[in-house]
There are 2 protein chains.
Amino acid sequence: MERILIIEDEAPMRTALADLLTAEGYRTLTAADGESGLKRALAEKPDLILLDVMMPKLDGFAVCSELRRLAHEVPVMLLTAKGQIEDRVHGLDVGADDYVIKPFSSEELLARVRALLRRVERKARALTQLKLGEIEIDLARQIATRGRQPVHLTAKEFAMLRLLAEAAGEPVSRERFLDVVWGYGAFPTTRTVDNHIASLRAKLESDPDSPRWIKTVHGVGYKLEP
Amino acid sequence: MERILIIEDEAPMRTALADLLTAEGYRTLTAADGESGLKRALAEKPDLILLDVMMPKLDGFAVCSELRRLAHEVPVMLLTAKGQIEDRVHGLDVGADDYVIKPFSSEELLARVRALLRRVERKARALTQLKLGEIEIDLARQIATRGRQPVHLTAKEFAMLRLLAEAAGEPVSRERFLDVVWGYGAFPTTRTVDNHIASLRAKLESDPDSPRWIKTVHGVGYKLEP
DNA sequence: ACCAATTTTACAAAACCATGACAACTAAAC
DNA sequence: GTTTAGTTGTCATGGTTTTGTAAAATTGGT
């Protein structure tokens with residue numbers, strides 16, 4: 001079942017939410033402040049995050065935009081207090097997927113959670129399957145096959161393919177590859193990106209010298225031809 | 001000021017919305033059912049549409065998806081009744097840009113309207129889409145296609161096209177090309193501009209010798225024929 | 001220590017761009 | 001209508017930047 005991370009500083013609310021969701025069959029994780037919540041989100045990659053807006057130090061907005069900056073796709077639902085109307089707009093600007101207003105009923109929260117999970121699940125499933133000519137790629141399972149024969153791709157190669165596929169035909173810069181695939185801490189040369197592209201082409205293209213799928217965009221990076 | 005079309009079957013709500021928005025300085029148009037609302041939307045091309053979901057005959061969802069089918073980019077905000085929680089998700093699926101839940105406060109509605117208008121305005125100002133005959137150009141994504149076939153343009157060519165397009169049919173001087181596309185530091189020959197124009201014509205015009213789109217304005221520069 | 005994956009390095013190849021020469025063209029004066 | 005001065009089209013060329021990729025070096029796990 002899906003795992004839901006609850007980031008909420010008030011203990012009673014936190015446990016109430018956890019109990020409610022657990023009773024529904026979800027697995028719950030909790031964090032009592034923004035910072036540890038953020039850390040947990042990155043480490044555990046939950047399927048959904050319930051995020052209280054009003055928290056000391058790192059508030060919900062900050063956590064949310066930080067999550068987005070780290071290119072995480074995890075759906076975020078904000079918990080806002082009544083009267084913070086402007087927060088809603090702000091919240092959606094900051095990259096949240098939905099919000100509920102306290103006080104809310106159990107039914108409403110559950111309905112929203114279900115709806116949001118369904119929404120992102122559909123989106124996610126759409127992007128797991130990828131077909132480049134006779135090669136089929138399952139990004140979720142990290143499996144690629146040509147006919148019956150398995151084609152071996154490394155983790156980095158799958159990650160790069162996913163980014164290319166998500167860009168849907170748009171060029172992806174080398175910097176973006178490094179940010180998303182490698183993360184913000186590491187700084188390999190941009191040359192490294194080229195090497196991985198080369199090996200992807202060697203594995204996926206029937207004629208790697210004039211690639212059909214992975215095109216280079218001079219001065220920018222690469223794109224996946226749809 | 002922006003024009004807002006209100007499609008709402010209940011008269012009190014309709015006039016209340018119109019009054020509120022008019023007081024804020026927006027120009028309002030109204031329609032009392034889905035069908036006439038759709039017609040009005042197509043004829044008047046408002047800047048935003050407030051659309052009640054619950055209406056007899058053609059309901060909000062139907063209007064919305066019909067609008068999208070007719071390739072309209074106009075932002076749509078749905079008005080949904082409380083308890084129709086599922087509607088929210090469905091509404092966004094159907095192509096709406098936002099929604100509010102009845103009952104809502106004036107402040108909330110106005111905040112949303114402002115936010116949505118701001119959002120689409122920013123997107124529109126970017127001037128990304130361009131169509132020259134059978135060639136479609138997305139300046140933001142740096143993608144150009146003729147039918148399904150990609151048309152390869154270089155970075156300079158995209159930059160020059162953007163300038164031409166932003167000038168909206170007005171001639172653009174060579175000096176301005178150099179200033180904007182090359183920047184104020186670099187000073188290539190004005191001849192260079194011609195070369196890039198030539199390659200743009202070679203790629204975009206069906207008969208580059210008598211160009212349909214990129215006209216030269218003798219003694220001045222070039223312009224994009226709208 | 002071994003092996004696979006990853007990163008760096010280095011050099012060759014390709015793409016892109018600027019230039020200048022000259023032909024073709026335009027506009028206006030004659 | 002011709003002439004002429006100025007403007008634009010286009011080509012070949014060479015320089016610069018960017019990319020391809022093989023091979024060597026490094027990393028990390030078992």
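Naming: A, B, ... by sequence-line order, numbering from 1 per chain.
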Integer-rounded Å distance: [N] [atom2] and [X] [atom1]:
| X | N | atom1 | atom2 | answer |
| --- | --- | --- | --- | --- |
| A:Arg174 | C:dT7 | CZ | P | 15 Å |
| B:Leu200 | C:dC16 | CG | P | 13 Å |
| A:Phe177 | C:dT6 | CZ | C1' | 16 Å |
| B:His218 | D:dG6 | NE2 | C1' | 7 Å |
| A:Glu205 | D:dG20 | CD | C1' | 14 Å |
| B:Met160 | C:dC17 | CE | P | 11 Å |
| B:Asp194 | D:dG6 | CG | P | 18 Å |
| B:Ile197 | D:dT8 | CD1 | C1' | 11 Å |

Could you tell me whether [X] contacts a base, only the sugar-phosphate backbone, or nothing, with contacts defined as non-hydrogen atoms closer than 4.0 Å?
| X | result |
| --- | --- |
| B:Val217 | sugar-phosphate |
| B:Val193 | nothing |
| B:Asn195 | base |

Looking only at side-chain N and O atoms, does [X] come under 4.0 Å of OP1 or OP2 in [N]?
| X | N | answer |
| --- | --- | --- |
| A:Arg201 | D:dG20 | yes |
| B:Tyr222 | D:dG9 | yes |
| A:His152 | C:dA4 | no |
| B:Arg191 | C:dA21 | no |
| A:Thr216 | C:dA15 | no |
| B:Trp182 | C:dA18 | yes |
| A:Thr154 | C:dA5 | no |
| B:His196 | C:dC16 | no |

Quick check: do B:Leu51 and B:Cys64 have side-chain heavy atoms less than 4.5 Å from each other?
yes
With side chains defined as the heavy atoms from C-beta onward, is the minimum distance between B:Asp194 and B:Arg174 less than 4.5 Å?
yes
Assess the residue pair A:Asp33 and A:Ser36 against the criterion (side chain to side chain donor-acceptor pair (under 3.5 Å)); give the C-alpha distance rounded to whole Å, side-chain angles, the decisive distance to 0.1 Å, and a yes or no.
CA-CA 6 Å; A:Asp33 64 83; A:Ser36 63; 3.2 Å; yes
Using the ring of A:Trp213 (Phe, Tyr or Trp, six-membered ring only), decide whether A:Lys223 places NZ or CZ under 6.0 Å from its centre and within 45 degrees of its axis.
no
If you check the A:Ala155 side chain, which of D:dT21, C:dT6, D:dG6 turns out closest?
C:dT6
Are the charged groups of B:Asp179 and B:Arg176 less than 4.0 angstrom apart, N to O?
no
